[in-house]
Amino acid sequence: MVKEGLHRIDFFVEGVSLVSVGCVGCVLNTMCIITFSKISVQKNFHRLMLSLALFDILYITTSIVLFGIPALYPSVYESSFYRRLMPIVLPLVHIGLTGSIYLTVAIALERYTTVCHPFFKLTHSWPAATYIIPICIFSLLYNIPKFLELEVQVNKGPLNLTFPNINISTLNGNQTDLIEGEQMEPTETMLNLTGNETELFPDLSEMERVVPSSLRLNPVYIQVYIVYLNLVVHGIIPLVLLVGLNICTYRQLRKYHNTLDLSACSGTIQLREVRLSQVSLVIVFVFILCHGVRWIPNIWELQQTGGGEKQIEWPTWIRFLTHLSHLLTVFNSSVNFFIYLVKHPSVFKRLYRREACNTNVGTDTTTLVASKKVSYSVPPNTVNIEMTDVGNVFL
């Protein structure tokens with residue numbers, strides 16, 4: 001009865017809900033990439049949001065492959081292609097997750113320096129690559145061990161009915177690992193077979209299974225890398241930074257609200273920076289809310305590590321929270337651009353107006369540039385375009 005309930009939860013939470021939210025998230029993140037790539041003069045905030053959208057797409061698509069599709073179609077585990085794909089998809093999920101976490105931290109840091117230390121920001125004009133490149137390198141290097149955690153084992157010759165149970169306790173140290181479990185267990189019919197019956201079932205004489213590698217089963221690796229290091233890198237460090245940076249940013253924004261007449265400075269740089277900072281605050285709030293659920297099972301597992309090498313029995317409520325955490329992290333990766341649009345609903349109008357103006361400029365300006373002529377007599381339409389471009393800087 002409990003097993004049937006878990007299957008239903010898996011189907012509706014990780015299957016229907018995760019895939020639906022993930023598809024919407026891929027569309028929104030693609031719109032984010034297209035929108036911010038069209039801005040003529042990009043701010044660091046826009047470049048960071050664009051990079052975040054790329055990592056979010058990576059995380060969403062790999063989560064759908066790893067969690068959503070098997071929940072909807074359990075028979076996919078019978079595919080040899082899918083089984084060989086899992087050891088590759090698993091580390092990609094973690095790379096996308098790590099990049100998404102620390103790019104969110106980078107956005108919070110960029111807003112903190114802009115709002116709380118504007119003179120420092122002016123004197124230290126760091127390009128967005130200062131944030132993006134180290135995060136990309138770290139996301140890849142930190143998750144290299146994930147490529148060594150799973151392997152495809154092929155049983156050749158006589159049928160071997162010793163099926164190791166690949167479940168949450170052996171694979172799921174970070175709650176975004178593969179949860180395969182019951183789909184890999186032998187069926188009742190197979191358990192009743194004898195060695196001679198492989199002639200009747202030739203496919204069973206050569207069976208592929210996804211199993212944890214010796215590295216993944218190493219107690220030291222589990223305790224140091226899977227539990228403690230992931231707790232620090234994916235939990236404590238980003239949580240402390242996000243909470244601290246956003247508290248300071250929020251307090252400074254409150255001062256701006258008390259000292260500035262926002263209705264009088266509508267359309268100014270100050271108000272646009274305030275709006276971007278408000279977007280950052282909401283993104284971080286949603287991030288903490290969604291990722292907080294993900295760490296409840298991890299903290300529970302951390303408390304169980306004192307029992308030596310004894311296999312951990314995961315209760316039903318932990319498994320439910322694990323399924324829910326996958327859905328919430330996908331939801332978090334899907335809504336960042338939507339949060340931006342709530343504060344900047346006219347972003348598409350500005351971009352389309354700018355492109356329409358660029359189309360109607362005519363050939364006069366293009367001819368001047370091509371012939372390398374210098375003229376200070378600018379047609380009126382060109383002035384309008386330049387003003388529009390300047391406005392897009394603060395989208």
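Remember, predicted model here, so these are calculated numbers, not experimental data. Computed over heavy atoms, backbone and side chain alike; hydrogens, waters and symmetry mates excluded.
Under the 4.5 Å side-chain criterion, counting only non-hydrogen atoms from C-beta, Trp295 is in contact with His234. Side-chain contact check for Pro70 versus Tyr82: some heavy-atom pair is nearer than 4.5 Å. Using a 4.5 Å heavy-atom threshold, the side chains of Pro145 and Tyr221 count as touching. The side-chain heavy atoms of Leu72 and Glu14, taken from C-beta on, include no pair separated by under 4.5 Å. In this structure the side chain of Cys290 never reaches within 4.5 angstrom of the side chain of Thr329, judged on heavy atoms. When side chains are defined from C-beta on, Asn218 does not count as touching Ile222, because their heavy atoms never get closer than 4.5 Å. Taking 4.5 Å as the limit, every side-chain heavy atom of Val335 sits out of range of all side-chain heavy atoms of Leu28.
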Donor-acceptor contacts, no H, no angles, side chain residues 84-93, under 3.5 Å, sequence neighbours left out:
residue, atom, partner, partner atom, Å
Arg84, NE, Glu208, OE2, 3.3
Arg84, NH2, Glu208, OE2, 2.7

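The side-chain contact (heavy atoms from CB on, under 4.5 Å) search around Val13 returns Ile9, His323, Leu327, not counting sequence neighbours. Val243 pairs by the side-chain contact (heavy atoms from CB on, under 4.5 Å) definition with Leu239, Ile247, Ile288, not counting sequence neighbours. Among residues two or more places apart in sequence or in another chain, the ring pair (Phe, Tyr, Trp, His ring centres under 6.0 Å) test is passed with Phe287 by His291. For Asn29, the side chain to side chain donor-acceptor pair (under 3.5 Å) criterion is met by no residue, not counting sequence neighbours. Take Arg251 and apply the side chain to side chain donor-acceptor pair (under 3.5 Å) test, not counting sequence neighbours, and it matches no residue. Partners of Val233 according to the side-chain contact (heavy atoms from CB on, under 4.5 Å) rule, which considers only residues two or more places apart in sequence or in another chain, are Tyr102, Phe138, Tyr142, Leu229. Residues passing the side-chain contact (heavy atoms from CB on, under 4.5 Å) test with Thr30 are Ile34, Ile57, sequence neighbours excluded. For Tyr112, the side chain to side chain donor-acceptor pair (under 3.5 Å) partners are His117, not counting sequence neighbours. Take Thr130 and apply the side chain to side chain donor-acceptor pair (under 3.5 Å) test, not counting sequence neighbours, and it matches no residue.
Ring geometry for Tyr340 against His46 counts as perpendicular: the plane angle is over 60°, on a 0 to 90° scale with 30° as the lower cut.
If you chain together ILVMFWY residues whose side-chain heavy atoms come under 4.5 Å of each other, Ile144 ends up grouped with Ile133, Ile137, Leu141.
Ala106 approaches Leu48 most closely through the heavy-atom pair O-CD1, 3.9 Å.
Tyr59 OH to Ile95 CD1: the interatomic distance, rounded to the nearest 0.5 Å, is 13.5 Å. Of the inter-residue distances, the one linking Thr61 atom OG1 with Asp56 atom CG reads 10.5 Å to the nearest 0.5 angstrom.
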